[in-house]
Asks: 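After the structure tokens below, expect a handful of questions from me.
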2 protein chains.
Amino acid sequence: MDKRLHNHTTALPLRTTIQMIASELKLTPATVSRALNNHPRISAETKQLVNETAERLQYKRNRIALSLRTGKSHTIGVILPSISMNFFGSIVHGIELLASEYGYHTLIYQSEETTDLEIKAIEAFMGARVDGILASLAKGTTDFSHYVDLQKKHIPLVLFDRSNDSLHIPSVVIDDRKGGYLATKHLIDQGYRAIAHLAGPGHFQTFRNRLEGYKDALRESELPFSSDYVFTGDLSIASGRDAADYFLGLHQPPDAVFAVEDFSALGLVKRCKERGIQIPEEMGIIGFANEGFDEHITPTLSSMDQQTVQMGREAFKMLLTLIENRKADHHPELPKIILDPVPVFRESSTRMKTNLSTAPNHPTRTKAVTDQTNIHSI
Amino acid sequence: MDKRLHNHTTALPLRTTIQMIASELKLTPATVSRALNNHPRISAETKQLVNETAERLQYKRNRIALSLRTGKSHTIGVILPSISMNFFGSIVHGIELLASEYGYHTLIYQSEETTDLEIKAIEAFMGARVDGILASLAKGTTDFSHYVDLQKKHIPLVLFDRSNDSLHIPSVVIDDRKGGYLATKHLIDQGYRAIAHLAGPGHFQTFRNRLEGYKDALRESELPFSSDYVFTGDLSIASGRDAADYFLGLHQPPDAVFAVEDFSALGLVKRCKERGIQIPEEMGIIGFANEGFDEHITPTLSSMDQQTVQMGREAFKMLLTLIENRKADHHPELPKIILDPVPVFRESSTRMKTNLSTAPNHPTRTKAVTDQTNIHSI
DNA sequence: CTGAAAGCGCTAACAT
DNA sequence: ATGTTAGCGCTTTCAG
């Protein structure tokens with residue numbers, strides 16, 4: 001009562017509470033609360049009055065008190081390998097778009113591809129009493145017990161992009177097998193016949209599925225599959241370089257490579273250029289992810305767009321459903337959404353001029369096709 | 001008392017509270033709290049006991065209750081234009097590194113370069129009762145009243161990278177003038193004599209300073225300054241293309257351009273290549289920011305590294321100081337940290353072979369030099 | 001239609 | 001060294 005009665009008319013250092021606006025209007029906090037929440041049994045004039053003074057006093061509902069009272073933090077936690085991978089940054093964007101629309105806050109932690117930081121993130125989220133968690137597995141993670149523990153505690157959890165079917169955790173992924181198939185099929189259509197695959201770590205469903213898609217396409221076109229044509233990398237530029245050296249050192253080097261993601265593909269491109277191999281003439285290359293640099297390098301890199309923004313949206317939607325149905329824990333079926341990848345063919349894989357865009361100077365990223373993607377629930 | 005007495009030994013759906021571990025040990029919540037916080041006047045054995053059962057019951061301190069009680073949310077808000085700009089992603093990383101070390105959570109909002117979303121972010125932060133805010137100005141922002149309001153309310157606020165001196169808000173920036181000077185000086189050293197500048201929006205101190213640095217270097221070498229050689233863009237690839245067309249259309253086209261940041265520079269590079277201009281032979285180009293794509297395009301793009309991770313760290317440190325000294329509001333002086341940018345010379349500006357790296361195949365990003373940067377407080 | 005009272009989980013005086 | 005009490009700001013029975 002003694003400290004700050006002098007209103008300098010500019011300074012307003014006390015954050016205004018429901019109490020304040022109640023006493024200002026000679027009402028009860030309860031009434032003010034109800035008015036603010038548009039409770040049916042509150043007179044229109046009271047609501048009017050309350051809202052006006054709330055506005056005037058710049059009242060902002062204290063989410064902390066709200067959370068303590070209701071037991072819902074209206075905050076979700078997001079774990080992703082690295083925010084500086086354009087791909088994940090874009091998914092985050094999709095998540096946040098919907099989240100803020102639904103009044104949710106988003107806590108983001110980067111695992112930097114390590115299990116250790118995943119665990120730290122989860123602990124932070126538990127302390128923050130997040131209502132649910134979205135996660136994309138770190139590539140260093142092989143022991144998933146920290147995620148299984150979340151399931152046991154009935155914390156809503158949805159995996160996106162990098163998932164693992166054996167975990168039986170709800171997930172939003174793209175159809176990697178189809179993506180692998182489409183990418184490989186494209187190379188075949190472009191006249192390549194000795195097509196290799198630069199694969200990713202085998203403990204990811206994601207990368208195994210892309211490999212399967214690759215095989216599907218070969219089989220369909222009756223091209224032989226050879227394990228010599230599969231090099232397993234670790235999703236880095238360096239391993240792309242290594243793969244290039246390996247493939248070019250073979251007795252019968254391939255004339256095209258489908259790389260499991262764009263950084264590997266970039267390594268391939270760089271090493272091929274260094275060794276004087278012409279792309280796409282002597283070597284066709286296609287990646288996966290549609291990273292930001294794809295359209296800026298020379299030659300521009302073909303890739304498979306993973307519908308990142310939509311993936312983020314779908315992941316949040318699924319999580320929200322889990323959060324809302326938490327009490328009714330009758331697991332009806334394992335929710336799983338599979339998005340279709342969208343091919344983005346650029347120079348690195350296009351040696352048939354007829355297929356080139358008519359305006360090669362301005363290769364635009366495929367973004368508008370979002371609505372065409374199929375969503376099938378399993 | 002009726003709902004969940006059946007422990008399925010696996011499921012543990014009730015989040016354990018201080019109360020629970022108190023009754024388990026026949027102690028008071030207060031004592032448990034003290035023990036957990038390592039209060040001096042608590043017996044060692046009690047602490048031991050409490051910590052053990054806390055561990056066993058997987059107790060996690062409820063930050064929400066803590067925040068309500070103490071009035072400190074231990075959360076900061078971060079506003080940045082776009083998380084998918086590698087540059088900002090990297091700063092966020094620096095912020096989070098220190099923040100999590102100090103037990104702070106980080107709420108991130110993207111302004112997408114609009115004032116509107118900046119305001120939304122601030123409102124969200126006020127609701128979340130963040131202890132302080134870090135922000136980098138959106139390029140669309142010319143009215144800064146929402147930030148000034150924060151100052152009036154004594155909400156700790158630190159601007160990073162994109163600041164504005166006239167606002168008198170604490171900030172962490174790099175020495176843009178020096179950066180502009182070094183970039184231009186480098187072009188001069190490489191033998192370029194007709195050096196143009198692709199500038200950024202004039203309402204940013206940041207970009208005006210880079211322009212000043214450009215002028216400094218010209219003056220030092222007694223090269224004439226001409227406003228014809230300054231093209232003002234909007235930090236986009238498109239404006240880089242426009243600039244290229246403008247410069248090449250001049251009576252006496254420049255033989256080099258210092259671009260205010262890398263996306264503009266990329267546009268320049270692309271358009272020059274399309275028009276058959278040889279880089280770096282006929283046209284030297286250097287950008288600013290050291291974006292991720294710089295070392296992947298052809299030719300690789302010279303740039304000025306902005307010490308992003310360190311900038312993030314410094315910004316958080318400064319904010320923390322403000323938060324801790326909030327009550328003692330004797331503004332001693334306006335805190336301001338100016339980091340030195342680090343030149344990263346690559347192919348796009350290097351036409352004197354002697355200056356080329358000895359291992360051009362593996363151009364590494366300059367990262368280890370962090371410790372050499374000067375920090376001077378004003 | 002509004003008021004009174006309790007309580008979410010925690011900490012910090014103020015006891016003892 | 002530990003217990004008692006009160007309260008952070010809000011919502012929500014239960015009463016009028």
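None of the values given here were measured: they were computed from a predicted structure. Residue numbering restarts at 1 for every chain, and letters A, B, ... go by the order of the sequence lines.
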Asks: In this structure, how many angstroms lie between the P atom of dA1(D) and the CG atom of Leu25(B), rounded?
Replies: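 Rounding to the nearest Å, CG of Leu25(B) and P of dA1(D) are 17 Å apart.
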
Asks: For Lys60(A) and dC10(D), what is the distance between atoms NZ and P respectively, to the nearest whole Å?
Replies: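 Between P of dC10(D) and NZ of Lys60(A): 13 Å.
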
Asks: Could you note down all residue pairs passing side-chain hydrogen bond (donor to acceptor under 3.5 Å, both in side chains) where residues 17-28 of chain B supplies at least one of them, sequence neighbours left out?
Replies: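 Listed by first then second residue: Glu24(B)-Arg56(B).
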
Asks: Scan the side chains in residues 118-134 of chain A for donor-acceptor partners under 3.5 Å anywhere in the protein, sequence neighbours excluded, and list what turns up.
Replies:
residue   : atom : partner   : partner atom : Å
Glu118(A) : OE1  : Thr141(A) : OG1          : 2.7
Glu118(A) : OE1  : His146(A) : NE2          : 2.9
Glu118(A) : OE2  : Ala138(A) : N            : 2.9
Glu118(A) : OE2  : Tyr147(A) : OH           : 3.0
Arg129(A) : NH1  : Met126(A) : O            : 2.8
Arg129(A) : NH1  : Lys60(B)  : O            : 3.2
Arg129(A) : NH2  : Lys60(B)  : O            : 3.0
Asp131(A) : OD1  : Ser73(A)  : N            : 3.0
Asp131(A) : OD1  : Ser73(A)  : OG           : 3.2
Asp131(A) : OD2  : Lys72(A)  : NZ           : 3.4
Asp131(A) : OD2  : Ser73(A)  : N            : 3.4
Asp131(A) : OD2  : His74(A)  : N            : 2.6

Asks: Can you build the contact string for nucleotides 2-9 of chain D? Use B for base contact, S for sugar-phosphate-only contact, and - for no protein heavy atom under 4.0 Å.
Replies: BBB-BBBB

Asks: Ignoring hydrogens and angles, write down the donor-acceptor pairs under 3.5 Å from the side chains of residues 91-98 of chain B, residues two or more places apart or on other chains.
Replies:
residue  : atom : partner   : partner atom : Å
His93(B) : NE2  : Glu112(A) : OE2          : 2.8
Glu96(B) : OE1  : Gln110(A) : NE2          : 3.2

Asks: Met20(B) has an atom CE; how far is it from atom C1' of dG9(C), in whole Å?
Replies: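 Those two atoms, CE and C1', are 10 Å apart.
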
Asks: Enumerate the residue pairs fulfilling salt bridge (charged side-chain N to carboxylate O under 4.0 Å, His left out) with a member in residues 38-51 of chain A, sequence neighbours excluded, ordered by first and then second residue.
Replies: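 Residue pairs with at least one partner in residues 38-51 of chain A: there are none.
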
Asks: Listed by chain and number, what are the salt bridge (Lys or Arg N to Asp or Glu O under 4.0 Å) partners of Glu113(B), not counting sequence neighbours?
Replies: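 Partners of Glu113(B) by the salt bridge (Lys or Arg N to Asp or Glu O under 4.0 Å) criterion, ordered by chain and then number, come out as Arg162(B).
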
Asks: Round to a whole Å and report the spacing from CG of Asn37(B) to P of dA13(C).
Replies: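 So the two atoms are 13 Å apart, to the nearest Å.
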
Asks: Please check: side-chain N/O of Asn37(B) versus main-chain N/O of His39(B), any donor-acceptor pairing under 3.5 Å?
Replies: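 Judged by distance alone, no pair lies under 3.5 Å.
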
